[in-house]
K.L.:
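Sharing a structure, written as C-alpha coordinates. Questions coming.
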Protein chains: 2
Amino acid sequence: MQLTKKLTRKEQIKKVAQNMFRERGYSATSMRDLANAVGIEAASLYNHIKSKEDILRQICFGIADDFFHAIEQVEQSNLPAEEKLKQAISQHVKVITNNLDASAVFLHEWRFLSEPYLSDFKKLRDSYEQSFKKIIIQGKEEGIFKAVDEKFYCLTLFSALNWIYDWYKPTGLLSPQQIAEQLSNLLLEGIKK
Amino acid sequence: MQLTKKLTRKEQIKKVAQNMFRERGYSATSMRDLANAVGIEAASLYNHIKSKEDILRQICFGIADDFFHAIEQVEQSNLPAEEKLKQAISQHVKVITNNLDASAVFLHEWRFLSEPYLSDFKKLRDSYEQSFKKIIIQGKEEGIFKAVDEKFYCLTLFSALNWIYDWYKPTGLLSPQQIAEQLSNLLLEGIKK
DNA sequence: CCTACCGATCGGTAGG
DNA sequence: CCTACCGATCGGTAGG
(Lines give C-alpha, C1' and ligand atoms only; values in the text may rest on other atoms or scores of the structure.)
Protein backbone atom coordinates (compact mmCIF):
# COMPACT_ATOMS: atom_id res chain seq x y z
CA MET A 1 0.00 0.00 0.00
CA GLN A 2 1.35 3.32 -1.12
CA LEU A 3 -0.01 5.85 1.32
CA THR A 4 1.91 8.85 0.10
CA LYS A 5 3.18 9.26 -3.38
CA LYS A 6 5.39 11.84 -4.89
CA LEU A 7 3.45 13.45 -7.67
CA THR A 8 5.17 14.91 -10.65
CA ARG A 9 4.24 18.52 -11.22
CA LYS A 10 2.05 17.45 -14.10
CA GLU A 11 0.18 14.97 -11.92
CA GLN A 12 -0.15 17.59 -9.21
CA ILE A 13 -1.67 20.06 -11.66
CA LYS A 14 -4.13 17.44 -12.82
CA LYS A 15 -5.13 16.56 -9.29
CA VAL A 16 -5.67 20.16 -8.24
CA ALA A 17 -7.53 20.88 -11.47
CA GLN A 18 -9.88 17.92 -10.92
CA ASN A 19 -10.84 19.35 -7.58
CA MET A 20 -11.25 22.93 -8.77
CA PHE A 21 -13.14 21.99 -11.94
CA ARG A 22 -15.48 19.98 -9.77
CA GLU A 23 -15.99 22.61 -7.09
CA ARG A 24 -16.28 25.73 -9.25
CA GLY A 25 -16.82 24.30 -12.68
CA TYR A 26 -14.41 24.31 -15.61
CA SER A 27 -15.48 27.65 -16.94
CA ALA A 28 -15.29 29.47 -13.62
CA THR A 29 -11.82 28.15 -12.82
CA SER A 30 -9.10 30.41 -14.17
CA MET A 31 -5.55 29.36 -14.93
CA ARG A 32 -4.45 31.88 -12.31
CA ASP A 33 -6.67 30.19 -9.69
CA LEU A 34 -5.17 26.86 -10.65
CA ALA A 35 -1.58 28.12 -10.66
CA ASN A 36 -2.10 29.75 -7.29
CA ALA A 37 -3.41 26.52 -5.79
CA VAL A 38 -0.43 24.65 -7.18
CA GLY A 39 1.95 27.32 -5.93
CA ILE A 40 3.44 28.56 -9.20
CA GLU A 41 2.78 31.39 -11.67
CA ALA A 42 0.07 30.98 -14.31
CA ALA A 43 2.59 31.10 -17.15
CA SER A 44 4.52 28.21 -15.63
CA LEU A 45 1.57 25.88 -16.02
CA TYR A 46 2.23 25.85 -19.73
CA ASN A 47 5.51 24.02 -19.27
CA HIS A 48 3.46 21.02 -18.16
CA ILE A 49 0.19 21.23 -20.04
CA LYS A 50 -0.74 22.45 -23.47
CA SER A 51 -3.88 24.37 -22.60
CA LYS A 52 -6.73 24.57 -20.13
CA GLU A 53 -8.81 22.27 -22.28
CA ASP A 54 -5.91 19.82 -22.47
CA ILE A 55 -6.34 19.24 -18.73
CA LEU A 56 -10.06 18.72 -19.13
CA ARG A 57 -9.45 16.21 -21.90
CA GLN A 58 -7.06 14.20 -19.78
CA ILE A 59 -9.57 14.05 -16.94
CA CYS A 60 -12.59 13.12 -19.04
CA PHE A 61 -10.91 10.53 -21.24
CA GLY A 62 -8.96 9.10 -18.31
CA ILE A 63 -12.15 8.25 -16.44
CA ALA A 64 -13.80 7.03 -19.62
CA ASP A 65 -10.93 4.54 -19.89
CA ASP A 66 -11.54 3.36 -16.34
CA PHE A 67 -15.22 2.74 -17.02
CA PHE A 68 -14.37 0.86 -20.19
CA HIS A 69 -11.88 -1.48 -18.61
CA ALA A 70 -14.39 -2.19 -15.85
CA ILE A 71 -17.26 -3.10 -18.16
CA GLU A 72 -15.05 -5.13 -20.50
CA GLN A 73 -14.17 -7.50 -17.69
CA VAL A 74 -17.85 -8.00 -16.95
CA GLU A 75 -18.79 -8.52 -20.59
CA GLN A 76 -16.18 -11.23 -21.08
CA SER A 77 -17.32 -13.13 -18.02
CA ASN A 78 -20.10 -15.31 -19.49
CA LEU A 79 -22.12 -14.98 -16.32
CA PRO A 80 -25.91 -14.89 -16.12
CA ALA A 81 -27.40 -11.44 -16.65
CA GLU A 82 -28.32 -10.83 -13.03
CA GLU A 83 -24.77 -11.49 -11.86
CA LYS A 84 -23.37 -9.43 -14.73
CA LEU A 85 -25.56 -6.48 -13.80
CA LYS A 86 -24.55 -6.72 -10.15
CA GLN A 87 -20.90 -6.74 -11.11
CA ALA A 88 -21.30 -3.89 -13.59
CA ILE A 89 -22.94 -1.83 -10.85
CA SER A 90 -20.21 -2.73 -8.40
CA GLN A 91 -17.46 -1.83 -10.86
CA HIS A 92 -19.12 1.43 -11.77
CA VAL A 93 -19.43 2.42 -8.11
CA LYS A 94 -15.79 1.50 -7.61
CA VAL A 95 -14.58 3.77 -10.43
CA ILE A 96 -16.56 6.68 -9.04
CA THR A 97 -15.60 6.24 -5.41
CA ASN A 98 -11.93 5.86 -6.40
CA ASN A 99 -12.03 9.08 -8.43
CA LEU A 100 -14.58 11.39 -6.84
CA ASP A 101 -13.35 14.68 -8.27
CA ALA A 102 -12.54 13.30 -11.70
CA SER A 103 -15.90 11.53 -11.88
CA ALA A 104 -17.76 14.73 -11.14
CA VAL A 105 -15.82 16.48 -13.89
CA PHE A 106 -16.42 13.55 -16.23
CA LEU A 107 -20.15 13.76 -15.60
CA HIS A 108 -20.68 17.50 -15.76
CA GLU A 109 -17.82 19.35 -17.45
CA TRP A 110 -17.37 17.24 -20.59
CA ARG A 111 -19.59 19.68 -22.48
CA PHE A 112 -16.73 22.18 -22.51
CA LEU A 113 -14.70 19.87 -24.71
CA SER A 114 -14.37 21.20 -28.25
CA GLU A 115 -14.58 19.17 -31.42
CA PRO A 116 -13.48 16.61 -32.38
CA TYR A 117 -13.01 15.54 -28.76
CA LEU A 118 -16.60 16.29 -27.88
CA SER A 119 -17.92 13.84 -30.47
CA ASP A 120 -15.36 11.22 -29.47
CA PHE A 121 -16.40 11.56 -25.87
CA LYS A 122 -20.09 11.19 -26.64
CA LYS A 123 -19.37 8.05 -28.65
CA LEU A 124 -17.48 6.49 -25.77
CA ARG A 125 -20.27 7.30 -23.36
CA ASP A 126 -22.95 5.91 -25.65
CA SER A 127 -20.97 2.74 -26.14
CA TYR A 128 -20.63 2.28 -22.38
CA GLU A 129 -24.35 2.74 -21.88
CA GLN A 130 -24.93 0.24 -24.66
CA SER A 131 -23.03 -2.39 -22.68
CA PHE A 132 -25.50 -2.03 -19.84
CA LYS A 133 -28.48 -2.25 -22.17
CA LYS A 134 -27.09 -5.50 -23.58
CA ILE A 135 -27.07 -6.98 -20.09
CA ILE A 136 -30.73 -6.07 -19.64
CA ILE A 137 -31.59 -7.61 -23.00
CA GLN A 138 -29.70 -10.75 -22.05
CA GLY A 139 -31.67 -10.94 -18.81
CA LYS A 140 -34.94 -10.67 -20.68
CA GLU A 141 -33.86 -13.46 -23.01
CA GLU A 142 -32.93 -15.60 -20.03
CA GLY A 143 -36.42 -14.99 -18.75
CA ILE A 144 -35.29 -13.61 -15.40
CA PHE A 145 -36.01 -9.92 -16.10
CA LYS A 146 -39.42 -8.40 -16.73
CA ALA A 147 -40.23 -6.93 -20.13
CA VAL A 148 -38.98 -3.49 -19.14
CA ASP A 149 -37.76 -0.95 -21.66
CA GLU A 150 -33.98 -1.29 -21.33
CA LYS A 151 -33.42 2.32 -22.32
CA PHE A 152 -35.66 3.67 -19.60
CA TYR A 153 -34.30 1.21 -17.07
CA CYS A 154 -30.66 2.07 -17.83
CA LEU A 155 -31.40 5.79 -17.69
CA THR A 156 -32.76 5.36 -14.20
CA LEU A 157 -29.93 3.07 -13.17
CA PHE A 158 -27.26 5.49 -14.39
CA SER A 159 -29.01 8.33 -12.62
CA ALA A 160 -28.75 6.53 -9.33
CA LEU A 161 -25.16 5.45 -9.98
CA ASN A 162 -23.98 8.81 -11.22
CA TRP A 163 -25.15 10.83 -8.27
CA ILE A 164 -22.94 8.92 -5.87
CA TYR A 165 -19.99 11.30 -6.24
CA ASP A 166 -22.27 13.97 -4.79
CA TRP A 167 -22.81 12.38 -1.41
CA TYR A 168 -20.22 9.61 -1.00
CA LYS A 169 -17.68 10.26 1.73
CA PRO A 170 -14.71 7.90 2.12
CA THR A 171 -15.12 8.35 5.86
CA GLY A 172 -18.85 7.55 5.76
CA LEU A 173 -20.64 4.48 7.06
CA LEU A 174 -21.02 2.64 3.77
CA SER A 175 -18.13 1.14 1.85
CA PRO A 176 -18.22 1.27 -1.95
CA GLN A 177 -19.01 -2.45 -1.96
CA GLN A 178 -21.92 -1.94 0.45
CA ILE A 179 -23.25 0.93 -1.64
CA ALA A 180 -23.13 -1.28 -4.71
CA GLU A 181 -25.00 -4.04 -2.86
CA GLN A 182 -27.71 -1.72 -1.58
CA LEU A 183 -28.18 -0.17 -4.99
CA SER A 184 -28.36 -3.61 -6.57
CA ASN A 185 -31.01 -4.65 -4.08
CA LEU A 186 -33.02 -1.51 -4.64
CA LEU A 187 -32.79 -1.40 -8.42
CA LEU A 188 -32.91 -5.12 -9.22
CA GLU A 189 -36.11 -5.74 -7.29
CA GLY A 190 -38.08 -3.64 -9.74
CA ILE A 191 -36.83 -5.55 -12.76
CA LYS A 192 -36.71 -9.18 -11.58
CA LYS A 193 -39.60 -11.47 -12.36
CA MET B 1 -55.36 27.13 -23.53
CA GLN B 2 -52.91 29.91 -24.16
CA LEU B 3 -50.74 28.67 -26.97
CA THR B 4 -48.79 31.85 -27.51
CA LYS B 5 -48.18 34.43 -24.89
CA LYS B 6 -46.71 37.85 -25.09
CA LEU B 7 -43.75 37.92 -22.80
CA THR B 8 -42.62 41.10 -21.19
CA ARG B 9 -38.99 41.88 -21.93
CA LYS B 10 -38.13 40.80 -18.41
CA GLU B 11 -39.83 37.44 -18.88
CA GLN B 12 -38.15 37.05 -22.23
CA ILE B 13 -34.73 37.66 -20.70
CA LYS B 14 -35.43 35.09 -18.01
CA LYS B 15 -36.56 32.52 -20.51
CA VAL B 16 -33.55 32.97 -22.76
CA ALA B 17 -31.23 32.97 -19.73
CA GLN B 18 -32.70 29.69 -18.45
CA ASN B 19 -31.87 28.07 -21.73
CA MET B 20 -28.38 29.52 -22.03
CA PHE B 21 -27.45 28.87 -18.39
CA ARG B 22 -28.55 25.30 -18.91
CA GLU B 23 -26.75 24.76 -22.20
CA ARG B 24 -23.46 26.54 -21.49
CA GLY B 25 -23.54 26.93 -17.75
CA TYR B 26 -24.00 30.13 -15.76
CA SER B 27 -20.34 31.02 -15.67
CA ALA B 28 -19.72 30.50 -19.37
CA THR B 29 -22.72 32.60 -20.41
CA SER B 30 -21.82 36.25 -20.81
CA MET B 31 -24.22 39.14 -20.60
CA ARG B 32 -23.30 39.93 -24.19
CA ASP B 33 -24.29 36.40 -25.27
CA LEU B 34 -27.56 36.83 -23.45
CA ALA B 35 -28.25 40.31 -24.83
CA ASN B 36 -27.48 39.11 -28.33
CA ALA B 37 -29.91 36.22 -28.03
CA VAL B 38 -32.58 38.60 -26.79
CA GLY B 39 -31.82 41.08 -29.55
CA ILE B 40 -30.69 44.10 -27.54
CA GLU B 41 -27.39 45.57 -26.33
CA ALA B 42 -25.77 44.21 -23.18
CA ALA B 43 -26.19 47.50 -21.34
CA SER B 44 -29.93 47.44 -22.01
CA LEU B 45 -30.36 44.26 -19.99
CA TYR B 46 -29.79 46.31 -16.86
CA ASN B 47 -33.04 48.18 -17.34
CA HIS B 48 -34.82 44.91 -16.60
CA ILE B 49 -32.59 43.02 -14.23
CA LYS B 50 -30.24 44.07 -11.46
CA SER B 51 -27.33 41.79 -12.23
CA LYS B 52 -26.40 38.48 -13.78
CA GLU B 53 -26.78 36.76 -10.45
CA ASP B 54 -30.19 38.35 -10.02
CA ILE B 55 -31.40 36.28 -12.97
CA LEU B 56 -29.92 33.12 -11.48
CA ARG B 57 -31.64 33.82 -8.18
CA GLN B 58 -35.02 34.24 -9.85
CA ILE B 59 -34.61 30.94 -11.67
CA CYS B 60 -33.41 28.92 -8.69
CA PHE B 61 -35.84 30.24 -6.13
CA GLY B 62 -38.73 30.17 -8.60
CA ILE B 63 -38.34 26.44 -9.13
CA ALA B 64 -37.79 25.89 -5.42
CA ASP B 65 -41.20 27.49 -4.89
CA ASP B 66 -42.77 25.10 -7.39
CA PHE B 67 -41.33 22.07 -5.63
CA PHE B 68 -42.54 23.35 -2.29
CA HIS B 69 -46.11 23.94 -3.37
CA ALA B 70 -46.15 20.47 -4.88
CA ILE B 71 -44.95 18.66 -1.77
CA GLU B 72 -47.16 20.71 0.57
CA GLN B 73 -50.26 19.44 -1.19
CA VAL B 74 -49.06 15.87 -0.72
CA GLU B 75 -48.14 16.35 2.93
CA GLN B 76 -51.56 17.73 3.81
CA SER B 77 -53.37 14.86 2.16
CA ASN B 78 -53.48 12.33 5.03
CA LEU B 79 -52.98 9.48 2.57
CA PRO B 80 -51.12 6.25 3.31
CA ALA B 81 -47.37 6.49 2.77
CA GLU B 82 -47.30 4.48 -0.43
CA GLU B 83 -49.87 6.73 -2.08
CA LYS B 84 -48.11 9.83 -0.74
CA LEU B 85 -44.81 8.71 -2.21
CA LYS B 86 -46.40 8.00 -5.56
CA GLN B 87 -47.97 11.44 -5.62
CA ALA B 88 -44.77 13.14 -4.49
CA ILE B 89 -42.91 11.43 -7.32
CA SER B 90 -45.60 12.40 -9.79
CA GLN B 91 -45.59 16.04 -8.67
CA HIS B 92 -41.81 16.19 -8.78
CA VAL B 93 -41.75 14.83 -12.31
CA LYS B 94 -44.41 17.33 -13.29
CA VAL B 95 -42.42 20.32 -12.02
CA ILE B 96 -39.33 19.18 -13.92
CA THR B 97 -41.07 18.36 -17.18
CA ASN B 98 -42.93 21.68 -17.07
CA ASN B 99 -39.69 23.61 -16.55
CA LEU B 100 -36.90 21.69 -18.24
CA ASP B 101 -34.40 24.51 -18.61
CA ALA B 102 -35.10 26.06 -15.24
CA SER B 103 -34.89 22.66 -13.53
CA ALA B 104 -31.49 21.98 -15.02
CA VAL B 105 -30.30 25.37 -13.78
CA PHE B 106 -31.88 24.73 -10.39
CA LEU B 107 -30.03 21.42 -10.11
CA HIS B 108 -26.59 22.44 -11.33
CA GLU B 109 -26.03 26.18 -11.30
CA TRP B 110 -27.25 27.06 -7.80
CA ARG B 111 -23.66 26.85 -6.58
CA PHE B 112 -22.94 30.18 -8.25
CA LEU B 113 -25.32 31.93 -5.88
CA SER B 114 -23.51 34.12 -3.37
CA GLU B 115 -24.32 34.46 0.29
CA PRO B 116 -26.77 34.82 1.90
CA TYR B 117 -28.78 33.37 -0.98
CA LEU B 118 -26.62 30.28 -1.17
CA SER B 119 -27.39 29.32 2.42
CA ASP B 120 -31.08 30.09 1.96
CA PHE B 121 -31.16 27.90 -1.09
CA LYS B 122 -29.50 24.98 0.65
CA LYS B 123 -31.99 25.24 3.52
CA LEU B 124 -34.93 25.08 1.14
CA ARG B 125 -33.47 22.08 -0.63
CA ASP B 126 -32.77 20.25 2.62
CA SER B 127 -36.28 20.93 3.83
CA TYR B 128 -37.74 19.54 0.62
CA GLU B 129 -35.67 16.38 0.91
CA GLN B 130 -36.80 16.09 4.50
CA SER B 131 -40.42 15.91 3.35
CA PHE B 132 -39.62 12.83 1.31
CA LYS B 133 -37.78 11.19 4.19
CA LYS B 134 -40.83 11.73 6.40
CA ILE B 135 -42.94 9.80 3.93
CA ILE B 136 -40.51 6.89 4.05
CA ILE B 137 -40.55 6.96 7.85
CA GLN B 138 -44.36 7.00 7.82
CA GLY B 139 -44.34 3.98 5.53
CA LYS B 140 -42.05 2.09 7.86
CA GLU B 141 -44.35 2.91 10.80
CA GLU B 142 -47.32 1.72 8.80
CA GLY B 143 -45.42 -1.51 8.27
CA ILE B 144 -45.64 -1.42 4.50
CA PHE B 145 -42.02 -0.38 3.82
CA LYS B 146 -38.94 -2.41 4.59
CA ALA B 147 -36.46 -1.18 7.20
CA VAL B 148 -34.44 0.74 4.62
CA ASP B 149 -32.29 3.70 5.51
CA GLU B 150 -34.49 6.61 4.42
CA LYS B 151 -31.50 8.81 3.71
CA PHE B 152 -29.94 6.33 1.32
CA TYR B 153 -33.28 5.56 -0.26
CA CYS B 154 -34.15 9.21 -0.85
CA LEU B 155 -30.71 9.93 -2.26
CA THR B 156 -31.27 7.20 -4.83
CA LEU B 157 -34.82 8.32 -5.51
CA PHE B 158 -33.79 11.93 -6.08
CA SER B 159 -30.99 10.82 -8.33
CA ALA B 160 -33.44 9.03 -10.58
CA LEU B 161 -35.93 11.90 -10.47
CA ASN B 162 -33.39 14.64 -11.03
CA TRP B 163 -31.85 13.21 -14.14
CA ILE B 164 -35.11 13.39 -16.04
CA TYR B 165 -34.48 16.88 -17.40
CA ASP B 166 -31.49 15.38 -19.19
CA TRP B 167 -33.38 12.97 -21.39
CA TYR B 168 -37.07 13.94 -21.29
CA LYS B 169 -38.43 15.22 -24.58
CA PRO B 170 -41.95 16.69 -24.69
CA THR B 171 -42.31 15.00 -28.06
CA GLY B 172 -41.16 11.62 -26.76
CA LEU B 173 -43.16 8.46 -26.21
CA LEU B 174 -43.72 8.78 -22.48
CA SER B 175 -45.91 11.44 -20.90
CA PRO B 176 -44.81 12.93 -17.57
CA GLN B 177 -47.55 10.90 -15.88
CA GLN B 178 -46.30 7.70 -17.48
CA ILE B 179 -42.73 8.48 -16.47
CA ALA B 180 -43.88 8.97 -12.91
CA GLU B 181 -45.72 5.65 -12.96
CA GLN B 182 -42.79 3.74 -14.35
CA LEU B 183 -40.42 5.29 -11.86
CA SER B 184 -42.83 4.51 -9.03
CA ASN B 185 -43.01 0.90 -10.16
CA LEU B 186 -39.25 0.61 -10.41
CA LEU B 187 -38.35 2.36 -7.19
CA LEU B 188 -41.21 1.23 -4.96
CA GLU B 189 -40.64 -2.47 -5.62
CA GLY B 190 -37.32 -2.34 -3.81
CA ILE B 191 -38.80 -0.81 -0.69
CA LYS B 192 -42.17 -2.50 -0.30
CA LYS B 193 -42.52 -5.48 2.00
C1' DC C 1 9.82 28.40 -13.48
C1' DC C 2 9.75 33.55 -13.74
C1' DT C 3 8.73 38.59 -15.43
C1' DA C 4 6.46 41.06 -18.60
C1' DC C 5 3.06 41.39 -21.57
C1' DC C 6 -0.64 40.51 -25.49
C1' DG C 7 -5.48 41.22 -27.41
C1' DA C 8 -9.97 39.82 -26.08
C1' DT C 9 -13.60 39.76 -23.14
C1' DC C 10 -15.83 40.17 -18.66
C1' DG C 11 -19.91 42.43 -15.59
C1' DG C 12 -21.48 46.64 -15.05
C1' DT C 13 -22.18 52.13 -15.09
C1' DA C 14 -22.87 57.03 -16.84
C1' DG C 15 -25.50 59.69 -19.35
C1' DG C 16 -28.74 60.53 -22.59
C1' DC D 1 -32.86 51.10 -25.26
C1' DC D 2 -28.42 53.01 -27.08
C1' DT D 3 -23.30 54.70 -27.34
C1' DA D 4 -19.34 54.99 -24.98
C1' DC D 5 -16.70 53.47 -21.65
C1' DC D 6 -14.66 51.61 -16.93
C1' DG D 7 -11.24 48.59 -14.33
C1' DA D 8 -10.58 43.76 -13.85
C1' DT D 9 -9.56 39.52 -15.55
C1' DC D 10 -9.25 36.00 -19.09
C1' DG D 11 -6.12 32.16 -21.71
C1' DG D 12 -1.95 32.20 -23.50
C1' DT D 13 3.01 33.65 -25.50
C1' DA D 14 7.88 35.59 -25.75
C1' DG D 15 12.02 35.39 -23.95
C1' DG D 16 15.08 34.24 -20.64
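Just so we're on the same page: letters track the sequence lines, and every chain starts at 1. Remember, it's a predicted structure, so these values are computed and weren't measured experimentally.
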K.L.:
When you get a sec, tell me which of dC2(D), dG11(D), dC2(C) is the closest nucleotide to the side chain of Ala43(B)?
P.N.:
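So the side chain of Ala43(B) is nearest to dC2(D).
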
K.L.:
If the cut-off is 4.0 Å, is Ser30(B) near the phosphate of dT9(C), judged by side-chain N/O to OP1 or OP2?
P.N.:
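No, no such contact exists.
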
K.L.:
Do the non-hydrogen side-chain atoms of Val93(B) and Ile96(B) ever get within less than 4.5 Å of each other?
P.N.:
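Val93(B) does not reach Ile96(B) side chain to side chain.
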
K.L.:
Over how many whole Å does the gap from Arg9(B) atom CZ to dC2(D) atom C1' extend?
P.N.:
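To the nearest whole Å, that distance equals 13 Å.
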
K.L.:
Which atom pair, heavy atoms only, marks the closest approach of Ala70(A) to Gln91(A)?
P.N.:
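Heavy atoms of Ala70(A) and Gln91(A) come nearest at CB-CB, 3.7 Å.
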
K.L.:
Expressed in angstrom and rounded to an integer, what is the separation of Lys50(A) atom NZ from dT13(D) atom P?
P.N.:
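Interatomic distance, NZ of Lys50(A) to P of dT13(D): 12 Å.
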
K.L.:
List the atom of Ser131(A), the atom of Ile71(A), and the distance in Å for their closest heavy-atom pair.
P.N.:
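The pair with the smallest heavy-atom distance is CB-CG1, 3.6 Å.
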
K.L.:
Taking CG from Asp54(B) and P from dG11(C), how many angstroms apart are they, rounded to a whole number?
P.N.:
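Computing the Asp54(B):CG to dG11(C):P distance gives 14 Å.
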
K.L.:
When you measure from the side chain of Tyr46(A), which nucleotide among dG12(C), dC1(D), dT13(D) comes out closest?
P.N.:
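The answer is dT13(D), which lies nearest to the side chain.
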
K.L.:
Using whole Å, what does the distance between atom P of nucleotide dG11(D) and atom CD1 of Ile40(A) come to?
P.N.:
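Roughly 14 Å, once rounded to whole Å.
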
K.L.:
With a 3.5 angstrom cut-off on both distances, give the Watson-Crick or G-U wobble partner of dC5(C), or none if there isn't one.
P.N.:
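For dC5(C), the partner nucleotide comes out as dG12(D), under the 3.5 Å rule.
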
K.L.:
Check whether Tyr128(B) and Leu118(B) end up in the same hydrophobic cluster, where Ile, Leu, Val, Met, Phe, Trp and Tyr are linked by side-chain heavy atoms less than 4.5 Å apart.
P.N.:
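Looking at the clustering, Leu118(B) is in the same group as Tyr128(B).
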
K.L.:
Rounding to an integer number of Å, can you tell me how far Met20(B) CE sits from dG11(C) C1'?
P.N.:
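Result: 15 Å.
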
K.L.:
Assign Thr29(B) to base, sugar-phosphate, or nothing according to its heavy-atom contacts below 4.0 angstrom with the strands shown.
P.N.:
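Sugar-phosphate only.
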
K.L.:
Under 30°, 30 to 60°, or over 60°: which ring-plane class applies to His92(B) and Phe132(B), parallel, tilted or perpendicular?
P.N.:
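It falls in the perpendicular class, over 60°.
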
K.L.:
Does Asn47(B) or Lys52(B) map to a spot on DNA chain C nearer the 5' end, using the closest nucleotide for each?
P.N.:
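Its nearest nucleotide lies further toward 5', so the answer is Lys52(B).
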
K.L.:
Given atom CD of Glu41(A) and atom C1' of dC5(C), what is their separation to the nearest angstrom?
P.N.:
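The distance from CD of Glu41(A) to C1' of dC5(C) comes to 13 Å, rounded to the nearest Å.
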
K.L.:
Within this structure, what is the CE-to-P distance between Met31(A) and dC6(C), rounded to whole angstrom?
P.N.:
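Computing the Met31(A):CE to dC6(C):P distance gives 20 Å.
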
K.L.:
Send over the distance from Leu45(A) CG to dC10(D) P, rounded to a whole Å.
P.N.:
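About 13 Å, once rounded to whole Å.
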
K.L.:
Would you say Arg32(A) places a side-chain N or O within less than 4.0 Å of OP1 or OP2 belonging to dG12(D)?
P.N.:
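Checking Arg32(A) against dG12(D): no side-chain N or O falls below 4.0 Å of OP1 or OP2.
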
